[in-house]
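To start, the structure itself, in structure tokens.
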Amino acid sequence: MAGEPQADCLFCKIVAGEVPATVVRETPTTVAFRDINPQAPTHVLVIPKGHYPDAASLATGAPELAADVLREAGEVAAGEALVSREGGPGTGYRVVFNTGSGAGQTVFHAHAHVLGGRGLEWPPG
Ligand code: 5GP
Ligand code: ZN
């Protein structure tokens, strides 16, 4: 059923505490933890505790949970001083949802990459 834990899912195991992670924020519905292979000085993954295979299925199946993930991405960025809570510019950050293996998705439990702390080129690679 949508949102139920999947036995073979790495990020469900992180939610369950069965695989360790460096958690930076947790809410009743989300967990944010540092990426094991960071691509920027700040590289945090924000995941819903429920299992959805990608961002679009999360938004379709649980829109409030998708909003929780996006809000938490902003909280992580503010906590890492990438933006000011008062609305100042900071250095900014990027939120990425790789979707599909051709776009680099390797873990099929929806996750937002929050990237910042260095110059971020546009368009991305
Ligand atoms: P994707 O490639 O699916 O968009 O992102 C998956 C991310 O999960 C990658 O950036 C990868 O470095 C990260 N990752 C893979 N295994 C682990 C792990 O065991 N712990 C943590 N913290 N991150 C992981
Ligand atoms: Zn999962």
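In listed order, ligands and their atoms are each counted from 1. For the numbers below, each heavy atom of this structure counts, side chains included, while hydrogens, waters and symmetry mates do not. Quantities reported herein were computed from a predicted structural model and do not represent experimental measurements.
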To the nearest 0.5 Å, how far apart are NE2 in His43 and OH in Tyr93?
-> 14.5 Å
At a non-hydrogen distance cut-off of under 4.0 Å, which region of Phe108 contacts ligand 1 (side chain, backbone, both, or neither)?
-> neither
Spell out, as yes or no, whether a donor-acceptor pair under 3.5 Å connects the side chain of His51 to the backbone of Ala110.
-> no
Option whose closest heavy atom lies nearest to atom 22 (N) of ligand 1, chosen from Arg34, His43, His113 | Arg34
Looking from the Zn ion (ligand 2), what is the angle between SG on Cys9 and ND1 on His51, to the nearest 10°?
-> 110°
Atoms in ligand 1 flagged as close to Asn98, the criterion being non-hydrogen separation under 4.0 Å | 4 (O)
Please work out whether any backbone atom (N, CA, C, O) or any side-chain heavy atom from C-beta onward of Gln39 is under 4.0 Å from ligand 1, and answer side chain, backbone, both or neither.
-> neither
Specify the closest pair of heavy atoms between Asn37 and Gln39, including all atoms of both residues, with the distance to one decimal.
-> O-NE2, 2.9 Å
Under 6.0 Å from the CD atom of Glu121, do we count more than 12 heavy atoms belonging to anything else shown?
-> no
Grab the two heavy atoms, one from Thr91 and one from Gly117, that are nearest each other, plus how far apart they are.
-> OG1-N, 4.3 Å
Criterion side chain to side chain contact (heavy atoms under 4.5 Å, CB included) against Glu72, the qualifying member of Ile47, Thr27, Val44 = Thr27
At under 4.0 Å between heavy atoms, which part of Val96 makes contact with ligand 1: side chain, backbone, both or neither?
-> neither
Write out the residue and atom name of the closest protein heavy atom to atom 12 (O) of ligand 1, then the distance separating them to 0.1 Å.
-> Asp35 OD1, 2.5 Å
Test of proximity, Val107 against ligand 1: N or O pairs below 3.5 Å | yes
Can a non-hydrogen atom of Phe11 be found less than 4.0 Å from any atom of ligand 1?
-> yes
Specify which N/O/S atom of His109 comes nearest to the Zn ion (ligand 2), by atom name.
-> ND1
Heavy-atom nearest neighbour in the protein, as seen from atom 5 (O) of ligand 1, with distance rounded to 0.1 Å | His111 NE2, 2.9 Å
Identity and separation of the nearest protein heavy atom to atom 3 (O) of ligand 1 | Thr106 N, 2.7 Å
When only distance counts, is Gln105 in polar contact with ligand 1, meaning an N/O pair under 3.5 Å?
-> no
Judged by atom type as modelled, is there a donor-acceptor pair below 3.5 Å linking the side chain of Gln105 to the main-chain atoms of Pro53?
-> yes
Does at least one non-hydrogen atom of Ala21 fall below 4.0 angstrom from an atom of ligand 1?
-> no
Report yes if some heavy atom in the side chain of Lys49 is under 4.5 Å from a heavy atom in the side chain of Thr30; otherwise report no.
-> no
Location of contacts on Thr22 toward ligand 1, heavy atoms closer than 4.0 Å = neither
Ile36 to ligand 1: N or O pair under 3.5 Å?
-> yes
Using a strict cut-off of less than 4.0 Å between a Lys/Arg side-chain nitrogen and an Asp/Glu carboxylate oxygen, indicate whether Arg34 and Glu80 qualify as a salt bridge.
-> yes
Just by modelled atom types, is the Pro48 backbone N or O under 3.5 Å from a matching donor or acceptor in the His111 side chain?
-> no
So, is Gly104 polar-close to ligand 1, with some N/O to N/O distance under 3.5 Å?
-> yes
More than 12 heavy atoms of other groups within 6.0 Å of Glu4 CD | yes
How close does the nearest protein non-hydrogen atom get to atom 19 (O) of ligand 1, and which residue and atom is it?
-> Leu10 CD2, 3.8 Å
Search all heavy atoms of Ala66 against all heavy atoms of Ala59 and return the closest pair with its distance.
-> CB-CA, 3.9 Å
Find all atoms of ligand 1 within a distance of less than 4.0 Å from any non-hydrogen atom belonging to Asn37, and give their numbers and elements.
-> 12 (O)
